[in-house]
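A, B, ... follow the sequence lines: proteins, then strands. Residue 1 opens every chain.
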Number of protein chains: 2
Amino acid sequence: MEIAETNCSHKNHTQGDCIKSILPVKDALEVLSGKWKLPIIISLMFGNKRFSQIAKEIPGITDKMLSKELRDLEANCLVKRSVYDAIPVVVEYSLTDYGHTLKPVIEVLRVWGTTHRERIMGRVELAVQD
Amino acid sequence: MEIAETNCSHKNHTQGDCIKSILPVKDALEVLSGKWKLPIIISLMFGNKRFSQIAKEIPGITDKMLSKELRDLEANCLVKRSVYDAIPVVVEYSLTDYGHTLKPVIEVLRVWGTTHRERIMGRVELAVQD
DNA sequence: CAGTATCCGACTGGATACTG
DNA sequence: CAGTATCCAGTCGGATACTG
């Protein structure tokens, strides 16, 4: 079902229909929500990393937040945590195949966000309609 | 430039490159962030609406939040506010053409979110890789 | 009708210190 | 190395009341 066909106010659609079509979008946004999930996901898109490696690559993140967000992402099956029995212990994080399915989503957001930034910054002179 | 080509840790890419590729994604997410922007946008995708009409269609939203989010969306050129000189005053909100460009973005999020919800709910039995 | 003003609780995320 | 524990400030958003 397409968004455009899910009408909230027209004759033969209930508000329930509308809400149901919004819910999955919220689910998707939630996965990417917060200050750090996106940097972490993108960082892992380029290869498996260890905890401190990720921390180094994401300026400003604290151990606490990295730990918390990695746990969130793992709970959502987007990230895998592998413990290797060494001393001291080695933990490697990787995107699951499923995590990689986010790539087109992120790409769409990146493309839209790029033109949006240009527009808000006033660099695009196309008349803003009406 | 594709996300996949923007590497944070490899030889010929700087962290700056990586951050620059994340920024527009954050911009896009920010536009859709918060509890109510998405419902408002989707509501307006089906036609122009007046303030109280939107409020009626979005269960749970308060006047304060609706007012605030509409202002945000207007500042981002996604929503247009038209005042008609009547007594009492009539205000109509509509999505701009630009606002409608969000439709494919929302659609991608909706599709991904739908399968994600199924997966998290445990309805998909595809082995979660490794 | 179309909002604004005020108050307030809950949640997010930062700083710092500590642990197996 | 790979985290956890504690404390704390700022922000988000809800409830209620009020206005041109």
I'd like to know if B:Val31 and A:Val111 are part of one continuous hydrophobic network [Ile/Leu/Val/Met/Phe/Trp/Tyr, side-chain heavy atoms within less than 4.5 Å]. no

Nucleotide D:dA2, atom C1' - distance to CD1 of A:Ile54 in whole Å: 11 Å

Does the side chain to side chain contact (heavy atoms under 4.5 Å, CB included) test come out yes or no for B:Thr114 and B:Arg110, once each step is laid out? CA-CA 6 Å; B:Thr114 299; B:Arg110 198 187 60 76; 4.2 Å; yes

Quickly work out the B:Asp85 CG to D:dG20 C1' distance and round it to whole Å. 14 Å

Indicate whether OP1 or OP2 belonging to C:dA2 is found under 4.0 Å from a side-chain N or O atom of B:Arg71. no

Specify the separation, in whole Å, of atom CD of A:Gln53 and atom C1' of D:dG3. 16 Å

Could you state whether A:Val90 and A:Val79 fall into the same hydrophobic cluster, counting links through intermediate Ile, Leu, Val, Met, Phe, Trp or Tyr residues with side-chain heavy atoms under 4.5 angstrom apart? no

Rounded to whole angstrom units, what separation is found between the CG atom of B:Leu38 and the C1' atom of D:dG13? 17 Å

How many whole angstroms separate atom CZ of A:Phe51 from atom C1' of D:dT4? 10 Å

Check nucleotides 6-13 of chain C for protein N or O atoms closer than 3.5 Å to its own N or O atoms and list the pairs.
residue: C:dG13; atom: OP1; partner: A:Lys35; partner atom: N; Å: 3.2

Under the side chain to side chain contact (heavy atoms under 4.5 Å, CB included) rule, what do B:Arg81 and B:Val91 come out as? Steps first, then yes or no, please. CA-CA 7 Å; B:Arg81 180 178 185 270; B:Val91 180; 3.7 Å; yes

May I ask you to say what A:Tyr93 touches in the nucleic acid, namely base, sugar-phosphate or nothing, with a heavy-atom cut-off under 4.0 Å? sugar-phosphate

For the side chain to side chain contact (heavy atoms under 4.5 Å, CB included) test, which of B:Leu109, B:Ile106, B:Val105 pairs with A:Val108? B:Val105

Which sits closer to the 5' end of DNA chain D, A:Pro88 or A:Ser67, going by the nucleotide each is nearest to? A:Pro88

Should the pair B:Tyr93 and B:Phe51 be assigned to parallel (<30°), tilted (30 to 60°) or perpendicular (>60°) ring geometry? tilted

Result for 5'-nearest mapping on DNA chain C, choosing between A:Val89 and B:Arg50, is B:Arg50

Just to be sure I follow the notation: if a pair is Watson-Crick (purine N1 to pyrimidine N3 plus N6-O4 or O6-N4) or a G-U wobble (N1-O2 and O6-N3), each under 3.5 Å, what dot-bracket string does DNA chain C give, with | for pairs to another strand? ||||||||||||||||||||

To the nearest Å, how far apart are A:Leu66 CG and D:dA2 P? 10 Å

Give the rounded distance in Å between these two atoms: CZ of B:Arg81 and P of C:dC1. 15 Å

Do A:Leu29 and B:Ile61 belong together in a cluster built from hydrophobic side chains that touch within less than 4.5 Å? yes

Pairing donors with acceptors under 3.5 angstrom, does anything connect the side chains of B:Arg71 and B:Ser67? yes

Where do B:Leu95 and B:His100 come nearest, in terms of heavy atoms and distance? CB-NE2, 3.6 Å

Using the side-chain heavy atoms of B:Thr62, tell me which of these nucleotides is nearest: D:dG14, C:dA2, D:dA2. D:dG14

Output the rounded distance in Å from CD1 (A:Ile61) to C1' (D:dG3). 13 Å

